[in-house]
Every structure is written in structure tokens, then in C-alpha cells.
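What follows is a set of notes on a single structure, which appears directly below.
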Amino acid sequence: MKFRIPRGTADLLPGQVEKWQYVEEKARELCRRYHFSEVRTPLFEQTELFQRGVGETTDIVEKEMYTFEDRGGRKLTLRPEGTASVVRSFVENKMYAEPQPTKLYYIGPMFRYERPQAGRQRQFHQYGVEVFGTLEPSVDAEIIDLGYRFYTSVGLTDVQVELNSVGCPQCRPEHRAALVDYLTPRKEELCKDCLSRLDRNPMRILDCKNESCRRLTEEAPKMIDYLCHDCGPHFEAVQENLKLLEVPFRIDTRMVRGLDYYTQTAFEYVLKGKGGGSLGGGGRYNGLVEEVGGPDMPGVGFAVGLERVILALDEKGVELPLQQGVDCFLITLGAEAKKQGVTLLRKLRDAGLSAERDTMDRKMKGQMKAADRLKASFVAILGENELKENRIGVKNMATGHQETICLDKLVDYIREARKS
RNA sequence: GCGGCCAUGGCGAAGUGGUUAACGCACCGGAUUGUGGCUCCGGCAUUCGUGGGUUCGAUUCCCACUGGUCGCCCCA
């Protein structure tokens, strides 16, 4: 075989793609109800947008970006996440000048150069939402609720929300100092990754999975104990609103998200149980709009990984209510019937029914088999005999019941039968 | 980016240093006249991820590459 799909990408084939459509439809429908509007931004942006937006020291920027130069010498990067692009668009299109808040969502592919694994692709897909312009903690909660509802609406009922506050530029330095003071005397016990995190980003040490680091940070200063007079009450209010919305959550003081732009609220959706992988996450980013060149305007949002949602659905054995099979398979016998079948098929389709026929020149039996394979609800049989009387046979494939009806009644017959 | 495991037809999967590469599923055709899901019969890999090497001879041994997969890192 000459050509192969690029590493870390996947073809979504019939049988699988229906699940995606279903999940995406749920996302769109929820967004409609929560009054979010879709935004579609380019799949690539100036490299610098992500460097600045996502953060120079993040893994994404340091080693995972698909960066290239175009023929005009411009440095471009395939978007590794959605927020930076949406913020850019928000600023560039001066949406900040309109009545706030601005509520946007997106669904689409993202790109990160990583080693592929289950639930990790180089081209993967995210559904994300962003709200700009409001500091209201109830909006943080609303967003968390929306994400949570998304999971439950597709059938993932055992999703846990993990919540934390990562503070703001006001209070973070104090916590950072306390954390460094606490850890420095014990730095021999840190793993090598965390040793370097000690100066670069000590907060990340808190969610290191290394056992020794975990033990060490058990008693370490927690960000939530250092929250300032803005962040503290904000965090409390988010929790209060989550309770009002009956979103089950758990405070995880170790959770620190990997992107630099988060302030205050940070959250993650994880699957309960042993696997417990992350299905999505998000948080507030009050400095990002300004960082990207806009006014000082706050934002909050989440992103969910669609691959992981589909994977979780498969693992949990969730049956999606997908429509399957055609409404009517038209069998024709003989040249004249075949000819009439062409327009008959169109009539069925015009009426909104899904209809198919044999184009492999199969005989009666073969056509029946084909109809069965396509899970046809009905088979319409048009042969010489029927043609003579201007009638047509209709067989209910589930019951086996068959009758002959007037040719013009076929569409109505099937449309009626489909309702029940 | 690092480490382990793996790579045979559309899918699943056996197999051997040497002139036919099991089997199951799927698919195609047939089992008297125009009827599916069951059964029966027949067909379906000049070829064993790619490229080198060892050998008289490799799908089977060695190496590299590519890809998959699991763990780590990180995340969606």
C-alpha cells in the first residue's frame, strides 16, 4: 500500500462517525439552550499568538506545536488549542465593544505533535466554550454546569468535576514563596522534573504523580489558603453556585492546569473509577485578552476532548440512540421496473424518507439480502406483475408481513408506518 | 522525548528455515421459476508492515525504518 494516514491522525468511518455526529449535535443543542453562538476560526494562526497566549513555558509551546513557514515567510502554527484563537478573534473583531458578556463556542480539530496513544492524537477534536466580559463567579459555575451537562447528555453519567482556584497575580506570588520555602529544604526528595519546576513553576509540583513528591506535598501550602480578597470570595461563590446547579464537584487543591493563562477558577472533568482519565477541563483567564492585545477583559471557558468522550462511551458500553437502517429498500425486477424505480426512489426521498436500491445488478434474492443488510424497515417490490396492475409489493422486514398496494400509495404507506 | 510489547487476506487469528500459508467472521456466487435473517456447497493472500543482511533457500533468524499499542511525561 502506497499511502498511509499520517501518524496520530484517524479516519472517522461510517459506523463510528455517527457517534461523532450525535455527540456534536448534543454539544450544539446545549449551546443553543445556554445561549452560546458558534465561532469558527482558522485552523492555523501566527505562531506568536500561541506562544504568548498559551505560555512560553508550557509543554505545548515548548515541544508540541506544528509550526511551519508559508511561502511568504510567515511563521504559522496549527492551533494546539482553541482559546487563544477565540480570544484573538474576539479582540480582532472588536467584540469587546459590543454589549457583554460574549458567549462563544467552537467544535473542531486541534493539533499537537505528541506520541499517539489511546485518547491522544496529533489531530484531535475539541468542543469548547468561552465567556468574555464578566467576572461573575456564577458564570464560572454556569460553564462548569454546561460541560457537566454535556457529558451526562451523551450518556456519561459518572463524571466528576474537580475544582480548584489557582489565584491571581495578586495572591499567587505569596503562595509561591511559601511553597518554595516549604519545599527547598526538602528538595532532595523531589523527582528530577519537580526539581526543575521548583524555580520555573513550583505550583506544578503539587500535581506531580510521583509518590515521593506526593508525600512531600501532602502538607505543603495550598493555594486556596492564600487567596486574596478577590479570589477567596470568588472561589466560595463558584462553589455556592455549583451547589445551586446541583453539579457534583470535589475540591482538589493539587490540581494545577497546564496552561499558563488560568486565574482563579480551574477545573477538570474526570471519569470516575479506576481509569479516571481527564475528559476535559477549563478555567478562568482574566489576563489573556489583554495579553493578546485587547482591553482588560476577563474570560472563562472549558474545552472537552471529543476523542476521549467517544472512548469513554465505548468503554462504558453506552448505547447511543442512533438512527440506523433505511426506511425503504426498493427492489425492481426487469428493465422496465428498474426504469420506473428511478423516479419512485426519488419520490420516497422527496418525502423525507431514506431510500436505497440495488445498483449491483443483483437478482431478487440478492436484493433481499442487500435490503436486510442495510437494515431496511421496508422493502418495496416492483416487478412485471406489479407493473401491469400499477401496484407494488411492500414487505415489513421486521414482521415479514407483505401486501400489495397501489403504486401511488407507497410513499404514504411507508411514511405512516414509520410513525408508529 | 524515553522504556516495554507487537506487525500474516477487509477483520480476527494459526503457522513453518525449503516446491498448495490453517481456521473463523465478512464479502461474492450457488442450493429449479420473483423474497432476507438459519443451514449446506463453492469462491476469496503468487503472499506474510517497508528496506537491508545472514542463508543454497526466509513469512519464519538479525538490523534499521515505519506504524500500532501500553507505561512515563504532559494533557483534551
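Just so we're on the same page: letters track the sequence lines, and every chain starts at 1.
Within the structure, the salt bridge (charged side-chain N to carboxylate O under 4.0 Å, His left out) test picks out the following pairs touching residues 299-314 of chain A (sequence neighbours left out): Lys19(A)-Asp314(A). The ring pair (Phe, Tyr, Trp, His ring centres under 6.0 Å) contacts involving residues 168-211 of chain A comprise His175(A)-Tyr226(A), where partners must be two or more places apart or lie in separate chains. The salt bridge (charged side-chain N to carboxylate O under 4.0 Å, His left out) contacts involving residues 362-374 of chain A comprise Asp358(A)-Arg362(A), where partners must be two or more places apart or lie in separate chains.
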Which pairs would a plain distance check flag for residues 105-116 of chain A, meaning a side-chain donor or acceptor within less than 3.5 Å of a matching protein atom at least two apart in sequence or in another chain?
residue	atom	partner	partner atom	Å
Tyr105(A)	OH	Arg28(A)	NH1	3.3
Arg112(A)	NE	Pro80(A)	O	2.7
Arg112(A)	NH2	Pro80(A)	O	3.0

Distance-only donor-acceptor pairs under 3.5 Å for side chains of residues 326-334 of chain A, two or more places apart:
residue	atom	partner	partner atom	Å
Asp327(A)	OD2	Ser354(A)	N	2.9
Asp327(A)	OD2	Ser354(A)	OG	3.3
Asp327(A)	OD2	Arg418(A)	NH1	3.1

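A sub-4.0 Å separation between OP1 or OP2 of G68(B) and a side-chain N or O of Arg7(A) is present.
Nucleotides G24(B) and U39(B), compared at atom P, are 13 Å apart to the nearest Å. C5(B) and C28(B) have their C1' atoms separated by 38 Å, given to the nearest Å. The gap from the C1' atom of U19(B) to that of U59(B) amounts to 15 Å, rounded to the nearest Å. Nucleotides C63(B) and G3(B) have their P atoms positioned 15 Å apart, rounded to a whole Å. Atom name P, nucleotides C70(B) and A64(B): the rounded distance is 24 Å, in whole Å. If you take atom P in G36(B) and the same atom in G29(B), they sit 14 Å apart, rounded to whole Å. Comparing the P positions of U60(B) and G51(B) gives an interatomic distance of 12 Å, to the nearest angstrom. Distance noted for atom P between C72(B) and C38(B): 44 Å (whole Å).
Residues satisfying the ring pair (Phe, Tyr, Trp, His ring centres under 6.0 Å) test with Phe132(A), not counting sequence neighbours, are Phe90(A). The salt bridge (Lys or Arg N to Asp or Glu O under 4.0 Å) search around Glu386(A) returns none, not counting sequence neighbours. Partners of Lys395(A) under the salt bridge (Lys or Arg N to Asp or Glu O under 4.0 Å) rule, at least two apart in sequence or in another chain, do not exist in this structure. Tyr269(A) pairs by the ring pair (Phe, Tyr, Trp, His ring centres under 6.0 Å) definition with Tyr151(A), Phe267(A), not counting sequence neighbours.
Regarding Asp358(A), its CG atom lies at a distance of 13 Å from the C1' atom of C28(B), rounded to whole Å. Regarding Glu114(A), its CD atom lies at a distance of 12 Å from the P atom of G1(B), rounded to whole Å. For Tyr151(A) and A76(B), the OH to P distance is 10 Å, given to the nearest whole Å. Note: CZ (Arg122(A)) to P (U66(B)) measures 11 Å, nearest angstrom. One atom, CD of Glu24(A), and another, P of A76(B), lie 19 Å apart when rounded to the nearest Å. Arg120(A) places its CZ atom 13 Å from the P atom of G1(B), with the value rounded to the nearest Å. If you measure from atom CE of Met65(A) to atom C1' of G1(B), you get 17 Å, rounded to the nearest angstrom. In this structure, Gln123(A) atom CD and A76(B) atom P are separated by 17 Å, rounded to whole Å.
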Quick one, give me the B/S/- string for nucleotides 29-42 of chain B, reading 5' to 3', where B means a protein heavy atom under 4.0 Å from the base and S means that only happens at the primed atoms, P, OP1 or OP2. -S---BBBB-----
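Using modelled atom types and a 3.5 Å distance limit, the side chains of Glu45(A) and Thr77(A) yield no donor-acceptor pair. With 3.5 Å as the limit, one finds a donor-acceptor pair spanning the side chains of Tyr413(A) and Glu403(A). No side-chain donor-acceptor contact under 3.5 Å links Thr9(A) and Arg122(A).
Taken together, the paired segments of RNA chain B that extend over three or more consecutive Watson-Crick or G-U pairs, each closer than 3.5 Å at both contacts, are B:1-7 with B:66-72, B:10-12 with B:23-25, B:27-31 with B:39-43, B:49-53 with B:61-65.
Mapping Tyr269(A) and Gln117(A) onto RNA chain B by nearest heavy atom places Gln117(A) at the nucleotide closer to the 5' end. Where Arg112(A) and Thr9(A) each meet RNA chain B at their nearest nucleotide, the meeting point lying more 5' is that of Thr9(A).
Note on Glu307(A): nothing from the nucleic acid sits closer than 4.0 angstrom, heavy atoms only. Residue contacts shown for Gly119(A) include a base, since a base heavy atom lies under 4.0 Å away. Among the atoms of the strands shown, none is found under 4.0 Å from any heavy atom of Gly282(A).
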Between the protein and nucleotides 3-5 of chain B, which nitrogen or oxygen pairs are less than 3.5 angstrom apart?
residue	atom	partner	partner atom	Å
G3(B)	O6	Arg115(A)	NH1	3.3

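None of Arg250(A), Lys272(A), Arg254(A) except one satisfies the salt bridge (charged side-chain N to carboxylate O under 4.0 Å, His left out) rule with Glu162(A); the exception is Arg250(A).
One cannot find a donor-acceptor pair under 3.5 Å joining the base of A76(B) and the side-chain atoms of Glu268(A).
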